[in-house]
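These figures come from a predicted structure and were not determined experimentally. Just so we're on the same page: letters track the sequence lines, and every chain starts at 1.
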Amino acid sequence: GGIMSAPTMEERKACWAARDEFWRCLDRHTEDAPRCEKLRRSFESLCPQQWVKHFDKRRDFLKYKEKLETEGFHPPETAGKS
Amino acid sequence: LSRRVAVVAAVGGAACGTWLYLRSRKERELRERRQRELRALALGQGDFQLVDHRGRPRRKADFRGQWVLLYFGFTHCPDVCPDELEKLSRAVELLDGDAALPKVQPLFVTVDPERDDVEAVARYVRDFHPRLLGLTGSPEQVREVSRAYRVYASAGPKDEDGDYIVDHTIIIYLLGPDGLFLDYYNRSKTAAKIAESVRRHMETYKPLLD
């Protein structure tokens, strides 16, 4: 056991860079995730798991917001989506 | 003709001047009303007992007489805390540039005392402004200061590595030399806006409590 140290500034920047590269790939391939598999793996290896989850949620939220702004509001089709 | 032009210009000038005066008076009234409201909250009363990132005990009284910019966060924070501390550091740098103003004391208080011990906080703060002082303590001590400043903080579920995110209020607080909270700045405020606001507070400062 034992608590991991928090990432250093260098590690944070490496994580953010990997995340941004992965997101740019998703932008280029309109969210077609399998095309960006390698960058996804790099992102996951450079960021703590908790941060990967956090950034995934952030990405979902940003995309949803974008959708609202361009398409208007549609009630969600499936309830209970986490 | 030239006399008519002169008359129109004079009247126009007077109208403009009046409008500008009224607008600046309105802005001043809005600022004063905000000050009165913040004063009524009187946040941050009561002492706190924490430990700084060099292991020295620190109480609120230690910061009496200083202007303080205070941010609550945690070292395992994915992005918001480094961004806000970067911004806070930049605001302090801007204020440092004006030799006529007192030097602001930047403070970081952890909302994750379980993981952020003195060593962890020391490692964290050194990436930001050289005067940034990190504070930690026991969970009780941290809870007390969070309560005094009405800071919301809630640790999320732990994953299999025991890692977790702490959801918390994202605000930079300005404390006056009497230790009371004078203003706050959210994520949308730029470093330049924060520095401008702090400067204005310094110029118009009156002690909040007798």
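- Heavy-atom minimum distance, B:Asp159 versus A:Gln49: OD2-OE1, 3.2 Å.
- Between the CH2 atom of A:Trp51 and the CG atom of B:Asp163 there is a distance of 9.0 Å, given to the nearest 0.5 Å.
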Next item on the list: Output, in order, the C-alpha distance, side-chain angles, deciding distance and verdict of side chain to side chain contact (heavy atoms under 4.5 Å, CB included) for A:His54 and B:Asp79.
Entry: CA-CA 10 Å; A:His54 171 87; B:Asp79 53 355; 3.5 Å; yes
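- Within 6.0 Å of the CD atom in B:Gln141, the count of heavy atoms belonging to other residues, nucleotides or ligands exceeds 12.
- The two residues B:Pro82 and A:Trp16 have their closest heavy-atom pair at CB-CH2, 3.8 Å.
- The CZ atom of A:Arg12 sits 11.0 Å away from atom NE2 of B:His76, with the distance rounded to the nearest 0.5 Å.
- No more than 12 heavy atoms of other residues, nucleotides or ligands sit less than 6.0 Å from atom CZ of A:Arg35.
- More than 12 heavy-atom neighbours from other residues, nucleotides or ligands sit within 6.0 angstrom of CD on A:Glu37.
- Contact of B:Phe74 with chain A is not made at all, since no heavy-atom distance falls under 4.5 Å.
- By the 6.0 Å contact criterion, CZ on B:Phe63 is enclosed, its count of non-hydrogen atoms from other residues, nucleotides or ligands being greater than 12.
- Surrounding NZ of A:Lys38 are at most 12 heavy atoms belonging to other residues, nucleotides or ligands under 6.0 Å away.
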